[in-house]
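Since this is a predicted model, take the numbers as computed values, not measurements. Remember, it's 1-based here, ligands and their atoms both numbered in the order they're listed. Basis for what follows: all heavy atoms, side chains included, without hydrogens, waters or symmetry-related copies.
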Amino acid sequence: MPKIAVVQDILSANDEIARENRRRFDQAGVFVLNLMSAPGAGKTSLVLRTIAALQPELRLGVVEGDVASQVDAERVAETGVPVVQINTGGGCHLEAHALRAALEKIPLEDLDLLLIENVGNLICPAAFPLGEHLQVVIASLPEGDDKPLKYPALFAQADAVVINKIDLAPYMDFDREAFRRRVEGLNPRVTFFEISCRTGEGLAAWADWLRRRRAEQRESVRRIGGC
Ligand code: MG
Ligand code: ZN
């Protein structure tokens, strides 16, 4: 088989399992986020801040994707929320089948919100939907404001872009207006957040948005005759 056909098969198999995962999420009534970023942008910090903001009002669970180690999962487990680690063993992104296996170890029916922390990578997670309701891309000031130019696919399909580490603004040349314009050029309907997981700035707006989007999703599942 030509190489391109093989790649197409892998992607369509992933999409099929992603749709299965989505059905399970909707049946269980859990709202699911796929958090993606380059390494070190603050995915785990945002997970921890989101737990602090919303637990126990919403019942959270977390899936941690990493190439190796459980250090992020251990930090999350200290909060008391259920967490499952996926180690990709070198793989640079999560795939829907790996998530499906991880879901066996998490009490989906007991959750309102599931946060999936993808492997730190701005390239291939864009091509592997997992069944999530929303895709969130986290950028941070030290990475520079040109990331949307270099990795357009992920920014083009994100539901939200979170700019983290804004407490470093005085020390960085990151042009937030230019960054936003570049993202909006790819994705005019995206929602932006500017936050600092270190100081807590901007996190209330993020938590409010999650509450609202979750409620909207529940309402739409109810209307179309889901659970
Ligand atoms: Mg992490
Ligand atoms: Zn990859």
Kindly indicate whether a cation-pi arrangement holds for R218 with F31, taking the cut-offs as under 6.0 Å to the six-membered ring centre and within 45° of the axis.
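Cation-pi check for R218 and F31: fails.
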Return the number of protein N, O or S atoms with a distance to the Mg ion (ligand 1) smaller than 2.8 Å.
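My tally for this metal is 3.
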Presence of salt bridge, R211 and D208, under 4.0 angstrom
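Salt bridge: yes.
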Look at D112 together with R214 and state whether they make a salt bridge at an N to O cut-off of under 4.0 Å.
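Salt bridge between D112 and R214, a charged N being under 4.0 Å from a carboxylate O: yes.
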Hey, could you give me the CZ/CZ distance between R176 and F192, rounded to the nearest 0.5 Å?
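Result: 12.5 Å between the selected atoms.
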What distance separates Q85 CD from D72 CG, expressed to the nearest 0.5 Å?
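Atom-to-atom, Q85:CD and D72:CG are 7.0 Å apart.
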According to the interplanar angle, ranging from 0 to 90°, do the rings of H93 and F128 count as parallel (below 30°), tilted (30 to 60°) or perpendicular (above 60°)?
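Aromatic pair H93/F128 classed parallel.
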Which protein N, O or S atoms does the Zn ion (ligand 2) have within a distance shorter than 2.8 Å?
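Those protein N, O or S atoms (cut-off: under 2.8 Å from the Zn ion (ligand 2)) are C92 SG, H93 ND1, C124 SG.
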Who passes salt bridge (Lys or Arg N to Asp or Glu O under 4.0 Å) against R100, sequence neighbours left out?
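Only E20 meet the salt bridge (Lys or Arg N to Asp or Glu O under 4.0 Å) criterion with R100.
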Are the side chains of V63 and V83 in contact, using a 4.5 Å heavy-atom criterion?
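No; the side chains remain at least 4.5 Å from each other.
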Could you list the donor-acceptor pairs under 3.5 angstrom formed between side-chain atoms of residues 118-126 and any protein atom two or more places apart in sequence or on another chain?
unit_1 : atom_1 : unit_2 : atom_2 : d
N118   : OD1    : L94    : N      : 3.1
N118   : ND2    : N34    : OD1    : 3.2
N121   : OD1    : I123   : N      : 2.7
N121   : ND2    : C92    : O      : 2.6

